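The structure appears right after this line, and notes come after that.
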Amino acid sequence: MDSINKNTTVSNDKKQKSYMDIFNENRERDNVLYVKNKFMEANVEDNAQNSWNKFQFLSTFLSKVPDYKLFNELIDKRETKQRDYLGKIIKPLLKENRSGLYPDYNSSIRTLDNLFQRNQVVMMNELHWHPKHRIFANKLLNTLKANDFKYLAIEAVQRSQANFLNERSFPIKKTGFYVQEPYFALFIREAIEQGFQIIGYDDFNVKNREKEQALNIKKVLKEDPEAKIFVYAGIDHILESDSTKKRMAEYFYEETKINPLTLDQVEIAVDLEDDIVLLKSDLLPKDEKINPNVDYFIVNNIEPDLSEIYSKEELSSYRESFEVLDNYKDQEIFLSLYFLDEYAKHGMESIPLLNRILKVTNSEFKLSLPPGNYQLKIWDKSDQQIISEKIKIRD
């Protein structure tokens, strides 16, 4: 949970709540709209540290509704300068058609397929507030499976919960905090369906977290020496060297003498026409703003949407009207849609397929959904549940 533990401070002022206080009080709350309002209404001193805390906490909650306007405004505000700066480096490389640069999704996947054949361990990272990173990881599963990858080691999965997860075949809240984001949960469901064994490897209760992560992944190889492992990590843990500290990937190489293939989705944010661009890290010039100590960079511009997971033929339009919504005209409401079989067993411990924050204009709303049986739940901004209904989407 790097982004939640990094650069955070808890206020000692009992009269004034910090953003960390608000996060801790609401981390298990389902209603993202309610939590958003708590952050936006908080009377917290305006300084650089508090601004950073507010961004990381609020963007992490809002990542559960990635089509929400405020979420995208927060991300754009944070990344605009980076995108402009890196665009001046990346776009000329695309025009030059340089070797080692794969300018679209299909060429990137073909290249990764070849790389997966030749590597026993692949490590890819994510930013914890970017569902698009989980969507691309999901899209890689077929290619990984075709190349005999057996284990999926996920930093965000609690080690104590991994066995329960594999037995159950779907995540619940206890599985891990970041896993509660719907596209992360879809990634895990798909991996288990394809036969991957999920491994939790992170541990905060040690002196050297980076080394412990590496040792826990090494344990898989001790039990299964020929195993091929896909490691899905947070931010800087996949760096093969780092001037500030030794990271998990470097420790892993020291411990196993296996040089992992490292894929960085985090470092390079650029607005490009194609959803996915893959490039060798050594194509980039030396620059203090770029950490080049991985094998490849992935420029990920996927727009989170269920159409990235399901084909157009699998999605159906669902339209429903509830009279009670007339009482909330011009107000925002929070909607969650759960898989009915998961909800029947685990209730509000379940992780939704979909969340939405909607502004009510009339009693009707519509969604695009895959066929199946679902539990629909809607709350108002004060966290009062106003609708709970079972629905069925037909083929």
Side-chain angles (χ1 to χ4, degrees), residues 27-32 63-67 131 134-135 137-139 141-142 145 151-152 154 156-158 160-200 232 304-322 333-358 365-379 383 385-395:
R27 61 179 296 150
E28 298 302 321
R29 195 178 294 274
D30 301 284
N31 186 344
V32 175
S63 69
K64 298 177 183 181
V65 280
D67 64 339
R134 291 99 187 231
I135 292 173
N138 194 333
K139 289 175 180 287
L141 290 173
N142 286 331
K145 194 66 179 176
Y151 296 94
L152 173 55
I154 302 178
V157 169
Q158 298 282 349
S160 62
Q161 293 296 314
N163 288 338
F164 297 116
L165 169 62
N166 287 306
E167 292 171 4
R168 191 173 50 243
S169 78
F170 56 86
I172 58 176
K173 284 183 180 179
K174 290 180 182 178
T175 305
F177 176 73
Y178 292 116
V179 171
Q180 297 173 33
E181 187 275 302
Y183 289 101
F184 209 144
L186 284 169
F187 167 43
I188 292 174
R189 290 187 189 98
E190 178 62 22
I192 294 173
E193 186 172 333
Q194 290 197 25
F196 286 88
Q197 183 173 335
I198 309 298
I199 304 295
Y232 191 67
D305 189 83
L306 287 179
S307 62
E308 293 289 344
I309 305 297
Y310 301 94
S311 67
K312 291 181 180 179
E313 293 74 24
E314 290 177 296
L315 293 172
S316 300
S317 179
Y318 168 73
R319 189 185 298 267
E320 188 59 88
S321 178
F322 294 100
I333 56 172
F334 181 70
L335 176 153
S336 289
L337 198 73
Y338 300 84
F339 292 103
L340 186 58
D341 57 344
E342 295 182 13
Y343 183 84
K345 294 176 183 177
H346 297 280
M348 295 308 295
E349 273 291 302
S350 307
I351 299 173
L353 165 68
L354 179 74
N355 294 316
R356 288 282 188 272
I357 295 177
L358 303 172
F365 64 88
K366 60 181 180 179
L367 303 168
S368 185
L369 301 169
N373 296 306
Y374 301 99
Q375 183 74 36
L376 170 69
K377 300 183 83 69
I378 298 178
W379 293 265
D383 206 27
Q385 181 178 290
I386 54 178
I387 292 171
S388 181
E389 296 280 347
K390 294 180 177 64
I391 65 171
K392 182 179 182 66
I393 308 298
R394 303 185 184 280
D395 293 325

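The model shown is predicted, which means the values in this text are computed figures rather than measured ones. Quick note: residue numbers are just sequence positions, from 1.
The distance from atom OG of Ser317 to atom NZ of Lys366, rounded to the nearest 0.5 Å, is 6.0 Å. The distance from the CG atom of Leu369 to the CD1 atom of Ile393 is 5.0 Å, given to the nearest 0.5 Å. Distance check, rounded to the nearest 0.5 Å: CG of Leu152 to NZ of Lys145 gives 10.5 Å. Phe322 CZ to Ile386 CD1: the interatomic distance, rounded to the nearest 0.5 Å, is 10.0 Å. Taken from NZ in Lys64 to CD1 in Ile351, the straight-line distance is 8.5 Å, to the nearest 0.5 Å. From Ser316, atom OG reaches atom OH of Tyr310 across 12.0 Å, with rounding to the nearest 0.5 Å.
Looking at Asn166, its side chain never comes within 3.5 Å of a backbone N or O of Gln197 through a donor-acceptor pair. Side-chain atoms of Arg168 come within 3.5 Å of backbone N or O of Phe170 as a donor-acceptor pair. In this structure, the side chain of Lys345 does not engage the main chain of Ser350 through any donor-acceptor pair within 3.5 Å.
Shortest non-hydrogen contact noted between Ser63 and Glu181 is O-CG, 3.7 Å. In terms of heavy-atom proximity, Gln375 sits nearest to Lys390 at OE1-CG, 3.4 Å. Residues Pro131 and Pro66 share a closest heavy-atom pair of CG-CB, 4.0 Å. For the pair Asn355 and Ser336, the tightest heavy-atom approach, listed with the atom from each and the gap, is OD1-OG, 2.6 Å. When all heavy atoms are compared, the tightest approach of Ile172 to His346 is CG2-CG, 4.0 Å. Minimum interatomic distance between Ser368 and Leu315 (heavy atoms only, all atoms of both residues): OG-CB, 3.6 Å.
Looking at Leu335 and Leu367, their side chains come closer than 4.5 Å, going by heavy atoms from C-beta outward. The side-chain heavy atoms of Glu193 and Ser169, taken from C-beta on, include no pair separated by under 4.5 Å. Using a 4.5 Å heavy-atom cutoff, the side chains of Ile309 and Tyr183 are in contact. Ile391 places a side-chain heavy atom less than 4.5 Å from the side chain of Leu337. You'll find the side chain of Pro304 reaches within 4.5 Å of the side chain of Ile135, heavy atoms only. Within the 4.5 Å cutoff, no side-chain heavy atoms of Arg189 are placed close to those of Leu353. The closest side-chain heavy-atom distance from Ile333 to Ile387 is not below 4.5 Å. A heavy-atom distance below 4.5 Å is not found between the side chains of Glu389 and Glu320.
A centroid separation of less than 6.0 Å is found between the aromatic rings of Tyr374 and Phe339.
A donor and an acceptor atom, one from each side chain of Gln180 and Asp30, are nowhere located under 3.5 Å apart.
The environment of NZ in Lys312 is sparse: at most 12 heavy-atom neighbours from other residues, nucleotides or ligands sit within 6.0 Å.
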Under the criterion side-chain contact (heavy atoms from CB on, under 4.5 Å), I'd like the reasoning laid out for Val157 against Ile188: C-alpha separation, chi angles, the key distance, then a yes or no.
CA-CA 10 Å; Val157 169; Ile188 292 174; 4.1 Å; yes
Would Gln385 and Asn31 count as a side-chain contact (heavy atoms from CB on, under 4.5 Å) if you check the C-alpha gap in whole Å, the side-chain angles of each, and the deciding distance to 0.1 Å?
CA-CA 9 Å; Gln385 181 178 290; Asn31 186 344; over 6 Å; no
Might you work through the salt bridge (Lys or Arg N to Asp or Glu O under 4.0 Å) test for Glu308 and Lys139, ending with a clear yes or no?
CA-CA 9 Å; Glu308 293 289 344; Lys139 289 175 180 287; 3.0 Å; yes
Going through the distances and angles, do Gln158 and Lys174 end up as a side-chain contact (heavy atoms from CB on, under 4.5 Å)?
CA-CA 8 Å; Gln158 298 282 349; Lys174 290 180 182 178; over 6 Å; no
Applying side-chain contact (heavy atoms from CB on, under 4.5 Å), run through Leu186 and Leu306 and close with a yes or a no.
CA-CA 10 Å; Leu186 284 169; Leu306 287 179; 4.0 Å; yes
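For the pairing with Phe187, the ring-ring contact (aromatic ring centres under 6.0 Å, His included) check across Tyr232, Phe196, Tyr178 returns one residue only, Tyr232.
Residues forming a ring-ring contact (aromatic ring centres under 6.0 Å, His included) with Tyr151 (at least two apart in sequence, or on another chain): none.
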